[in-house]
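Residue numbers start at 1 and run along the sequence shown. Indexing begins at 1, ligand by ligand and atom by atom, following the structure's order.
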Amino acid sequence: MPSSEELHKRRGAAVARGVGSVVGAYVDRAGGGTITDVDGREWIDFAAGIAVTNVGNSAPRVVAAVREQVERFTHTCFMVAPYESYVAVCEQLNALTPGGFEKRSALFNSGAEAVENAVKIARHATGRPAVVVFDHAYHGRTNLTMALTAKNMPYKHRFGPFAGEVYRVPMSYPLRDGGLSGAEAAARAIETVEKQVGAENVAALLIEPIQGEGGFVVPAQGFLPALREWATAAGVVFVADEIQTGFCRTGDWFACDHEGVVPDLVTLAKGIAGGLPLAAVTGRAELMDAVHVGGLGGTYGGNPVACAAALASIETMHELDLAAAARRIGATLADRLRAVAARDTRIAEVRGRGAMLAVELVQPGTLVPDPAAAAAVSAACHAAGLLTLTCGTYGNVLRFLPPLVISDDELARGLDILDAAFG
Ligand SMILES: Cc1ncc(COP(=O)(O)O)c(C=O)c1O
């Protein structure tokens with residue numbers, strides 16, 4: 001097997017430079033809470049492929065279901081010749097997502113595609129054009145989702161012009177908004193919409209219940225419920241982007257569940273299918289079914305192999321109670337991070353929920369972001385064999401997203417590395 005160094009050379013001559021990687025090690029195999037590279041080195045995985053392998057890499061049920069499906073058929077296109085597993089995934093999503101009302105789902109390939117389709121559905125159903133999004137939001141890299149995403153570099157820089165009718169309003173960011181309550185932060189956002197857009201022009205309000213790429217920003221309690229209430233009164237479709245937060249990651253099936261917020265539409269991807277590409281929009285039947293026949297779809301959306309993987313992943317989440325596992329992992333992680341924060345004044349805040357946790361690094365005694373410190377701690381983690389990620393508008397947030405099947409021993413070893421990396 002070629003070494004990482006050899007592969008890196010080949011990559012330089014074959015793969016576009018615009019596609020980056022966090023580490024230079026190339027993967028041979030992965031499972032549980034570890035990844036083994038082609039040089040035989042084992043890494044503790046605190047990334048889960050960016051919150052995707054919640055059930056672990058090559059989870060046994062997923063492998064069996066994929067094998068069985070691949071042998072039966074690999075693709076017919078649901079829009080041409082449909083099959084049961086697509087219907088079964090939609091049934092599961094309709095039952096699992098918040099809200100006891102009648103729902104429908106449609107399946108796609110990527111998170112960005114799900115978000116694009118949620119906007120299409122909301123616009124079609126309301127007959128209104130505008131979409132409201134938030135500071136620090138991340139919704140993808142396609143043309144519409146670049147417009148919905150806040151951060152310029154690296155996601156948008158020189159890729160415009162972007163789609164229109166997208167309006168950005170302030171987020172609730174407790175560390176950085178002077179301690180506004182959830183209700184106050186919501187009132188600020190709503191006032192911006194009403195003054196600058198007009199509620200009657202708004203098709204959808206799109207929000208990550210806990211922001212992902214933007215820095216694991218957890219809004220103040222009451223922010224999401226207040227926005228939900230306003231959207232209902234204004235006839236605006238409330239879309240929760242649960243692409244990073246979904247499928248047990250935050251210690252419940254979905255992050256909206258924590259405050260009992262019930263979205264009209266939910267976008268789903270990442271953790272849905274144990275690593276196979278699948279995404280969905282799930283929501284109120286009357287909105288979803290407002291779209292004419294043939295208005296939604298795509299060649300690969302709801303591919304049968306990905307659907308088999310999703311059904312097996314969801315079964316695994318039930319069987320292993322991965323929501324409880326996320327709460328347990330989160331408690332262990334948070335304890336250790338708070339202990340580090342008590343001695344390291346660069347840590348302004350430990351935040352997140354369940355197994356979606358982060359620390360925000362600043363220059364001590366200020367709120368001035370310190371991306372160099374985040375990069376240095378990351379580099380120390382990588383050198384010691386712990387795969388971690390950074391995020392945040394200012395690039396100063398270290399985030400931790402272990403697979404929810406990580407063992408206690410793997411978690412402890414990862415935390416020891418992390419603790420030492422701060423030193
Ligand atoms: C909240 C959120 N929405 C949308 C996306 C885009 O998903 P994808 O990369 O599958 O297009 C992401 C990916 O990180 C995400 O975190």
**Q.** Parallel, tilted or perpendicular: ring planes of Y173 versus H136, cut at 30 and 60 degrees
**A.** perpendicular
Q) Under a 4.0 Å heavy-atom cut-off, which residues neighbour ligand 1? A) S110, G111, A112, Y138, H139, G140, E208, E213, D241, I243, Q244, K270
(Q) Please verify the inter-ring angle class for F247 with W253; under 30° counts as parallel, over 60° as perpendicular, anything in between as tilted. (A) perpendicular
Q: Check whether the side chains of T316 and S313 place a donor and an acceptor atom closer than 3.5 Å, and report yes or no.
A: no
**Q.** Steps toward side-chain contact (heavy atoms from CB on, under 4.5 Å) verdict (Y83, T76)
**A.** CA-CA 9 Å; Y83 38 88; T76 57; 3.4 Å; yes
**Q.** Criterion side chain to side chain contact (heavy atoms under 4.5 Å, CB included) against F400, the qualifying member of T388, L389, L386, I329
**A.** T388
Q. Given side chains that start at C-beta, do those of P304 and F73 come closer than 4.5 Å, heavy atoms only?
A. yes
